[in-house]
Chemist: 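I have a structure I would like to understand better, so I am pasting it below and will then ask my questions one at a time.
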Amino acid sequence: MSLLGLDICIIGGGIGGLAAALCLSGRGAQVTLLEQAEALREVGAGLQVSPNGLRVIEALGLATELAARGVQGRAVSLRDFRDGGEVARLDLGLLPEDQRYFFVHRADLIDLLAGEARARGVEVRLGAQVAEVHPGKRPELVMADSSTRTADLVVGADGLHSRLRDALIGAAKPQFTGQVAWRAVIPNVTGQGPEVQVHMGPGRHLVCYPLRDGQVLNIVAAQEREAWAEESWTHRDDPANLRAAFARFGGPVPEMLGAVEEVMLWGLFRHKVAERWVGGNCALLGDAAHPTLPYLAQGANMALEDAWALSACLAGHDETAAGLAAYQQLRMARCQRIVETATGNAWKYHLRPGPLRLAAHTALRLGARLAPVRALRQFDWLYGYDVTRLPEG
Ligand SMILES: Cc1cc2nc3c(=O)[nH]c(=O)nc-3n(C[C@H](O)[C@H](O)[C@H](O)COP(=O)(O)OP(=O)(O)OC[C@H]3O[C@@H](n4cnc5c(N)ncnc54)[C@H](O)[C@@H]3O)c2cc1C
């Protein structure tokens, strides 16, 4: 069924909101996107677009553009913190041919999606902050300037601190994980090729990969610690704190950290996946429904899958409510599994020196060397999934 004539308001112009705008308008809906920021600026750093998320980009006809702006990942290299020695290497070239992996700057992906959304007739309103959402037969939005508007359907793609999630299920109570992460973008001082490196040390690890033609490196460095840090993407920190936390790391790490001039720090919080995503002609999507820890690099990929699934489920049902119920049914268990897997990954990188660490590293090394394809096949459920080919309805 076409969504022709359906008047849809999307809250949030992140990757989830913009992808939903493209998917829904592509099926005929009249889409208005409300973003609180005054401009879709250069915010954020690197994102990994894995094969499952890439399928949505491909279905939207944007894969060539993404490939031009991103770097295709060729390997994952797990390294010991002391000297950067390789513990295990997964060759992404062994993935099936239709499973490609890209590293891209968040700002470049936002720019690509926003340009396309505008070109396809989506009304993108900036500086439009939603203060309240009232789900209902015809849901109502109260804007920060007190004006109101209604729509046939409201999509909450408004991220971690979602207004729509609060309206549907009440305020969430996230738990501090005892971990913080820094992120920075630096010149590619080590000449790193198209691979993700994970430098694993006791109680901390550092992930780095190239962006923008390999000219720059994206760094995310996570550390276990007691002190709380804000759950925000825009909290600046002193680079000296990052260098001090990773002072015992060798290999290429000191050179990389020496090049950091500007760094953001964010507290890592565990959230429950929202127990209800839909109601009163409203739907949650992306981080608003299922914020995740970064240890599986799936935040943006899940949001892309959600966007496609929502439009397909709505198009597959005559009644909006039935389409929304099908969307929640299709997405919730998969997102729960992804979020739980990401949460479970942290400890694997952070083992202290000792027998457990030795055993884990030996298993990793042997697994990757003796059965490289099997080592990658463990991700089939994640990367092999194609939301664009599921039967509609
Ligand atoms: C500033 C920023 C930087 C980020 N940087 C990184 C990064 O470097 N690496 C990484 O892996 N992930 C990053 N992320 C997270 C990543 O983009 C998301 O996990 C993933 O893409 C899912 O996106 P989303 O669209 O669901 O949510 P988000 O990306 O959080 O987007 C939500 C959007 O909604 C807008 N919004 C929120 N409340 C309102 C409101 N009341 N009214 C109107 N608009 C509203 C926000 O301004 C934001 O643009 C960042 C997110 C943000 C917001």
Chemist: Which is it for L153 and L314 under the side chain to side chain contact (heavy atoms under 4.5 Å, CB included) test, yes or no, and what are the steps along the way?
Modeler: CA-CA 11 Å; L153 175 71; L314 286 169; 3.6 Å; yes
Chemist: If the test is ring-ring contact (aromatic ring centres under 6.0 Å, His included), which one of Y385, W381, F379 qualifies with Y383?
Modeler: F379
Chemist: Using the side chain to side chain contact (heavy atoms under 4.5 Å, CB included) rule, take R79 and F249 through it: C-alpha gap first, then chi angles, then the decisive distance, then the call.
Modeler: CA-CA 11 Å; R79 293 168 180 246; F249 278 51; over 6 Å; no
Chemist: If I compare all heavy atoms of V189 with all of A259, which pair ends up nearest, and what's the gap?
Modeler: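 Taking V189 first and A259 second, the nearest heavy atoms are CG1-CB, 4.0 Å.
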Chemist: Locate the shortest heavy-atom distance separating P294 from W266; write the atom from each residue and the value.
Modeler: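 Result for this residue pair: CG-CZ2, 4.1 Å.
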Chemist: I'd like to know if the side chain of Q48 reaches the main chain of S50, judged simply by a donor and an acceptor atom lying under 3.5 Å from each other, with no hydrogens or angles considered.
Modeler: no
Chemist: Please tell me whether L34 and V142 are part of a single hydrophobic cluster in this structure, the criterion being side-chain heavy atoms less than 4.5 Å apart.
Modeler: no
Chemist: Are the side chain of R165 and the backbone N or O of A288 linked by a donor-acceptor pair below 3.5 Å?
Modeler: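 Between the backbone of A288 and the side chain of R165 there is a qualifying donor-acceptor contact (under 3.5 Å).
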Chemist: How long is the straight-line distance from OG1 of T177 back to CD of E224, given to the nearest 0.5 Å?
Modeler: 9.0 Å
Chemist: E255 and T190: side-chain donor and acceptor closer than 3.5 Å?
Modeler: no
Chemist: CG of L112 to CD of E65: how many Å apart, nearest 0.5 Å?
Modeler: 5.5 Å
Chemist: Verify the distance criterion only: is there a donor paired with an acceptor across the side chains of Q30 and D152 at less than 3.5 Å?
Modeler: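 No, no side-chain donor-acceptor contact under 3.5 Å.
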Chemist: Can you tell me how far the CD atom of E340 sits from the OG1 atom of T292, to the nearest 0.5 Å?
Modeler: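 Between E340 CD and T292 OG1, I get 10.5 Å after rounding to 0.5 Å.
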Chemist: Taking all heavy atoms of D158 and all of R163, pick out the closest pair and write down the distance.
Modeler: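 Where D158 meets R163 most closely, the heavy atoms are OD2-N, 2.8 Å.
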Chemist: Which heavy atom of L324 sits nearest a heavy atom of V278, and at what distance?
Modeler: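 Taking L324 first and V278 second, the nearest heavy atoms are O-CG1, 3.6 Å.
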Chemist: Quick one: closest heavy-atom pair of G12 and E35, and the distance?
Modeler: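 Taking G12 first and E35 second, the nearest heavy atoms are C-OE1, 3.7 Å.
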Chemist: Would you call the rings of F269 and F176 parallel, tilted or perpendicular, taking 30° and 60° as the class edges?
Modeler: tilted
Chemist: Kindly say whether G286 contributes a backbone atom to a donor-acceptor pair with the side chain of D306 at under 3.5 angstrom?
Modeler: yes
Chemist: Can you check whether L168's main-chain N or O pairs, donor with acceptor, with R276's side chain at less than 3.5 Å?
Modeler: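 Answer holds: yes.
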Chemist: Tell me, please, which residues at least two apart from W277 pass ring-ring contact (aromatic ring centres under 6.0 Å, His included).
Modeler: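 Partners of W277 by the ring-ring contact (aromatic ring centres under 6.0 Å, His included) criterion, ordered by chain and then number, come out as H290, Y327.
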Chemist: Report the distance from atom CG of D80 to atom CE of M200, rounding to the nearest 0.5 Å.
Modeler: 6.5 Å
Chemist: Without swapping roles, check the side chain of N188 against the backbone of Q192 for a donor-acceptor pair under 3.5 Å.
Modeler: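 At least one qualifying donor-acceptor pair exists.
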Chemist: Is the Lys NZ or Arg CZ of R27 less than 6.0 Å from the centre of W308's six-membered ring, within 45° of the axis?
Modeler: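 Relative to the ring axis of W308, which defines the angle, R27 lies inside both limits.
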Chemist: Ignoring hydrogens and angles, state whether a donor on the side chain of T150 or R138 is under 3.5 Å from an acceptor on the partner side chain.
Modeler: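 Judged by distance alone, the side chains do pair up.
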Chemist: Knowing that exactly one of R55, R334, R389 qualifies, which makes a salt bridge (charged side-chain N to carboxylate O under 4.0 Å, His left out) with E305?
Modeler: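 That would be R334.
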Chemist: Inspect the contact between E123 and R149 and indicate whether a charged nitrogen and a carboxylate oxygen are less than 4.0 angstrom apart.
Modeler: no
Chemist: Please check if the number of heavy atoms outside Q99 that lie under 6.0 Å from its CD is greater than 12.
Modeler: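 Yes, enclosed.
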Chemist: Using atom types as modelled and distance alone, determine if a side-chain donor or acceptor of S25 lies under 3.5 Å from a backbone N or O of A21.
Modeler: yes
Chemist: Compare every heavy atom of D213 with every heavy atom of V71, then report the nearest pair and how far apart it is.
Modeler: CG2-N, 3.8 Å
Chemist: When rounded to the nearest 0.5 angstrom, what is the spacing between CZ in F246 and CD1 in I219?
Modeler: 10.0 Å
Chemist: Between CG of L66 and CG of L109, what distance do you get to the nearest 0.5 Å?
Modeler: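 Interatomic distance, L66 CG to L109 CG, rounded to 0.5 Å: 6.5 Å.
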Chemist: N52 versus V387: any side-chain heavy-atom pair under 4.5 Å?
Modeler: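 Not touching, per the 4.5 Å side-chain cut-off.
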Chemist: Answer yes when D91 and R74 have at least one side-chain N-carboxylate O distance shorter than 4.0 Å, and no when they do not.
Modeler: no
